[in-house]
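We count residues from 1, following the sequence as given.
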Amino acid sequence: MIHNLRKQFLDTDPWHFFQSCPKFTEQFCQMQVEDDDKVGLYSYKVQSTITSRLANTMIQAKMVNNARRPQPIMFDVQVPKGAFIDNFTMDINGITFTSHIREKSEARKMYAQAKAKGKAAGIVRSNALDMENFQTEVNVPPGMRIQFQLHYHEMIRRKLSSYEHVISVKPGRLAKHLEVDVRIIEPQGLRYVHVPNSLGDHFNGITTISKGEKKAHVSFKPTMDQQRKCPKCSSTAVDGNFVVQYDVNRETTGGELEIFNGYFIHFFAPENLDPLPKNILFVIDVSGSMWGLKMKQTIEAMKAILSELRAADQFSLIDFNHNVRCWRDNLVSATPAQVEDAKKYIQTIHPNGGTNINEALLRATFILNEAKSLGMLDPNSVSMIVLVSDGDPTVGELKLTTIQKNVKQSIKDEFSLFCLGIGFDVDYDFLQRIATDNRGMAHRIFGNQETSLQMKNFYNQVSTPLLRKIQFNYPQESVSDVTQSSFHNYFGGSEIVVAGKVDTENLQHLESIVTATAANAELVLETLRDVEELDGFMKKDKYADPDFTRKLWAYLTVNQMMAERNAAPTAALKRNITKSILQMSLDHHIVTPFTAMLIENAEKDEIMLADQDLILLSGIPKSASKSFWKAFVSLPCRAGADLLLTLVCLCVSVDNDPHFTIHLPKSQRNICFNINSEPGKILNLVSDPGTGVVVNGQLVGAKKAENKKLSTYFGKIGFYFQKKGLKVEISTEKITLKDGSYAITLSWADTGHVIRKQLLISVKRESNVTITVGKEMSFMVLLHRVWKKHPVNVDFLGIYIPPENQFSPAAHGLIGQFVSEPEVSIHHQTPGQAPEKPQAIMEVKGNKLTVTRGVQKDYRTDRVLGTDVLCWFVHNSGKGFIDGHYRDYLVPHLYSFMKKP
């Protein structure tokens, strides 16, 4: 998507991160509207060529800044998850940036050195959906043109008897020229080509399809008027996925061997076979989070799925929350009577309680293991478990690695586990690991009106097992580096792909022998191909990719090694596999989790970085216009930067030495107190076992005491989001996000944001960090820099917490305890020693306290002088206003929960 940066979160942020933010000033909004209308998109082009399932896609956008002042423009395109980004170029007013792949730490080191000189950055964002976002941001001077071009490739996999090529087309605005061009070259021959109306009825009749025997051309070229949402609209209706579906001819049961340029690809998708009987356990999450539409759609889908069971199948149902229930304690035949009874059982489910995934899966494996030991399973049958869940475990075993180990030991490579994750909260990475570990696969859907259909489509992919124990054999003296060649099952409508290197110099024909177990026979399928058979066809077609066999082999090999790395039992083996993946990534010029893409100009003095673990760091290439690069440093509107310009909502804050300001919304009062403790001590600010959120602050002392008092400040603030397994540490030097062994660090010299498991960290350079967790809560940490040679003062942090945060009633801590607002009565106001500081009696929590009217500072809008906040000051470290004594809030570690005083 291409758009003005300040428009990004207003229009396209899927989680509406900042719904609670205040409105911007009228002047700022007017400026924003003016700028949005002055960014021109004069070309948006997508070209994709599919050569034997290998899709090479190029997305190009040409923009111009028609405004009278510099504007940040973002190139934001969605790339299918699993695709390999292999090239990116950018042209800014004739200055070209090209890309190179480097080992990740080396690339980051080079980037960090260049960034210290004021260089730029563009980062690949992984958002855990079916798509990933590639983003680059550039500040563009008035009248300047900029061109972005991204290349990626992927293998199109066959599902439900069709290949589906999905291209995200989200230009974000009207384009003078918009084009999507797809060419398909399939040596096997094309059965059909279909383009569903995925972009909506608005574009009926615009797509053209030209199909030959082995080639096809699909074109989508709406005019600017056709792009408009309505005849007089200035916004575009082009906003979605362009989808091309097709299938190929299959003449031989043994599959299709394609040999070219020293590699072979074996496509195997036999048809017209009788289904194998299956033994299937449906394990359904019925915890409280499944309540509502998700449960309704799940029940609807399960009733349809049960109706499709065949007479030879055996099945049972398990539903679980904090407890595990079985519809039947053993497998039963899928007779009409049993299926109807199961449907009635499903209909009675009412979601409530927690989530005990470990016990539910172990119960399912016990039922299958017992059935096998009792001889109840057909030797030719296929056994599987289908898990449907929308969240992480909250009851029983909570450690995901332990659950994975338990299930692996219980399944013993005898069955397959398929996982269906529903919604945004589910840990999809875990479901993928546990499924891959047990000969299955995972799929993610989002709880909406389409849930039922998506569940049925997922089930249909595994509902028809046709073959077991499939083994691919090739002459060992002629082939090498063959990808996975042994498979447990083959399901109807899918495809198995094997690739390898072949010695074409000393070989005239390549033979393959495939053995497998079918419903009524043991199969031995032979295929023989001339190693030069494709040469003439490939050389005649100017659109065919001559590297398609090499790219497919590399794609399969890298993905296979990634799966092996995840399952590696030892650290040493994991390191060796990592080295192999890294070398493959460098050899084939692709971005993987172990490489990064450096983007630099011809002089190599301007460097950007593309890295899968990060999201976005502002890109301001200095060489494009040396007169203005310091004119604009900002994050997107509502993303924590421009937010600071106008933020006026009252919230709870801790700043300076450390001064606590508690805003009580019901009584509309601000109560203040200071905490006087020692450097190094850690104070608990929020401890909420209900939401699993902890916020702690570690004190740092001034360089020396003044008036016999050593001032202390927060030098480090830690956030622990227990349910996500995420920790965030913010110090005056850096910002670190930790997820188990994974960690990513940003410095205060960065402007940008990072997303991990729906937790957004937004950094404004040398100013503030905003942490946002969905719609539920947000936190802002301000950085206070002082003169380094100041004899007393040190750098420190302040934290601001809005009252809208959805903590649980169990929340406590110096700040968290005020989630439940205490009743406060202030009366008998009398003059104080200073006229501007009257005193009064405050009654709170059964205590009568003498309080003083004073002023604290809110530094969000003015980081130097601050904004005055009137409050009633409680003496003696808040004694009587906070529960217990402030020492009760000292915790041993930066991520520790506190014990209630």
Side-chain angles (χ1 to χ4, degrees), residues 159-162 271-286 290 292-320 325-351 360 363-364 367-368 371 376-378 380-390 415-422 435 440-466 489-494 519:
K159 296 178 182 178
L160 302 176
S161 301
S162 176
E271 299 174 331
N272 303 316
L273 297 170
D274 292 332
L276 296 167
K278 61 180 177 287
N279 315 298
I280 185 166
L281 261 295
F282 297 100
V283 181
I284 304 168
D285 184 347
V286 295
M290 286 287 288
L293 182 62
K294 280 192 285 190
M295 196 71 251
K296 181 180 178 182
Q297 294 279 309
T298 299
I299 290 172
E300 179 184 332
M302 282 305 306
K303 289 165 68 176
I305 288 169
L306 290 170
S307 296
E308 295 176 5
L309 291 173
R310 301 179 181 90
D313 295 338
Q314 296 188 95
F315 78 106
S316 189
L317 300 169
I318 293 175
D319 62 290
F320 71 97
R325 297 191 307 166
C326 298
W327 167 67
R328 295 285 187 270
D329 289 328
N330 55 285
L331 293 170
V332 298
S333 297
T335 63
Q338 295 284 19
V339 168
E340 284 304 311
D341 192 66
K343 289 181 183 179
K344 292 177 182 177
Y345 178 82
I346 288 283
Q347 197 70 47
T348 64
I349 290 175
H350 297 289
R363 184 76 61 87
I367 291 174
L368 285 174
M376 295 173 58
L377 305 185
D378 185 326
N380 281 337
S381 65
V382 172
S383 298
M384 65 182 75
I385 298 168
V386 176
L387 169 68
V388 180
S389 180
D390 77 331
F415 321 123
S416 295
L417 172 61
F418 299 94
C419 299
L420 187 62
I422 302 178
M441 64 179 181
H443 184 66
R444 183 174 187 172
I445 61 178
F446 303 97
N448 53 34
Q449 297 293 342
E450 298 294 321
T451 297
S452 180
L453 177 61
Q454 292 178 73
M455 285 184 65
K456 286 183 280 189
N457 285 341
F458 174 74
Y459 170 73
N460 287 338
Q461 292 180 48
V462 299
S463 64
T464 310
L466 298 180
N489 302 308
Y490 165 72
F491 295 96
S494 66

Worksheet item: Can you name the residues that form a salt bridge (charged side-chain N to carboxylate O under 4.0 Å, His left out) with K456, not counting sequence neighbours?
Response: none
Response to the item:
Taking every heavy atom of I318 against every heavy atom of A360, the minimum-distance pair comes out as CD1-O, 4.2 Å
Worksheet item: How close do P275 and A519 get, heavy atom to heavy atom, and via which atoms?
Response: O-CB, 3.9 Å
Discussion item. Donor-acceptor check, side chain of Q314 to backbone of M376, threshold 3.5 angstrom: yes or no?
Written reply: yes
Worksheet item: Parallel, tilted or perpendicular: which fits the ring planes of W327 and F315, with parallel below 30° and perpendicular above 60°?
Response: parallel
Practice prompt. Check whether any side-chain heavy atom of I422 lies under 4.5 Å from a side-chain heavy atom of I445, and answer yes or no.
Written response: yes
Fill in: Spatial distance of atom NZ (K303) from atom CD1 (I346) [nearest 0.5 Å]
9.5 Å
Worksheet item: Is a side-chain donor-acceptor pair under 3.5 Å present for T464 with R310?
Response: yes
Worksheet item: Roughly how far apart are Q461 CD and M441 CE, rounded to 0.5 Å?
Response: 4.0 Å
Worksheet item: Would L387 and F320 satisfy side-chain contact (heavy atoms from CB on, under 4.5 Å), going step by step from the backbone distance to the final call?
Response: CA-CA 11 Å; L387 169 68; F320 71 97; 3.9 Å; yes
Worksheet entry | Partner residues of F415 under the ring pair (Phe, Tyr, Trp, His ring centres under 6.0 Å) criterion, sequence neighbours left out | none
Worksheet item: Is there side-chain contact between M302 and L317, with heavy atoms separated by less than 4.5 Å?
Response: yes
Worksheet item: What's the spacing between N330 CG and L368 CG if we round to 0.5 Å?
Response: 11.0 Å
Worksheet item: What are the two closest non-hydrogen atoms of D285 and S389, and how far apart are they?
Response: OD2-OG, 2.9 Å
Discussion item. Testing the basics here: between A442 and A435, what is the closest heavy-atom pair and its distance to 0.1 Å?
Written reply: N-CB, 4.0 Å
Item to complete: Determine the minimum heavy-atom distance between C326 and R363, stating which atoms define it.
Response: SG-NH1, 3.6 Å
Worksheet item: Quick one: CG on N279 to CD1 on I385, what's the gap to the nearest 0.5 Å?
Response: 11.0 Å
Item to complete: Report yes if the side chains of R328 and D341 come closer than 4.5 Å at any heavy-atom pair, otherwise no.
Response: yes
Practice prompt. Would you mind reporting whether Y459 and I280 have side-chain heavy atoms less than 4.5 Å apart?
Written response: yes
Discussion item. Counting C-beta onward and ignoring hydrogens, is there a side-chain heavy-atom pair between L309 and K278 closer than 4.5 Å?
Written reply: yes
Worksheet item: If you round to the nearest 0.5 Å, how far is CE of M455 from CG of L453?
Response: 11.0 Å
Discussion item. If you compare all heavy atoms of T298 against all heavy atoms of M290, which two are closest, and at what distance to 0.1 Å?
Written reply: OG1-CE, 3.5 Å
Worksheet item: Hey, is NZ on K343 packed in by over 12 heavy atoms from elsewhere, all under 6.0 Å?
Response: yes
Worksheet item: L331 and L377: side-chain contact (heavy atoms from CB on, under 4.5 Å), yes or no, with the steps?
Response: CA-CA 9 Å; L331 293 170; L377 305 185; 3.7 Å; yes
Item to complete: Working to the nearest 0.5 Å, report the span between CE of M295 and OG1 of T451.
Response: 11.0 Å
Worksheet item: Which word best sums up how the rings of F418 and F491 line up, parallel for under 30°, tilted for 30 to 60°, or perpendicular for over 60°?
Response: perpendicular
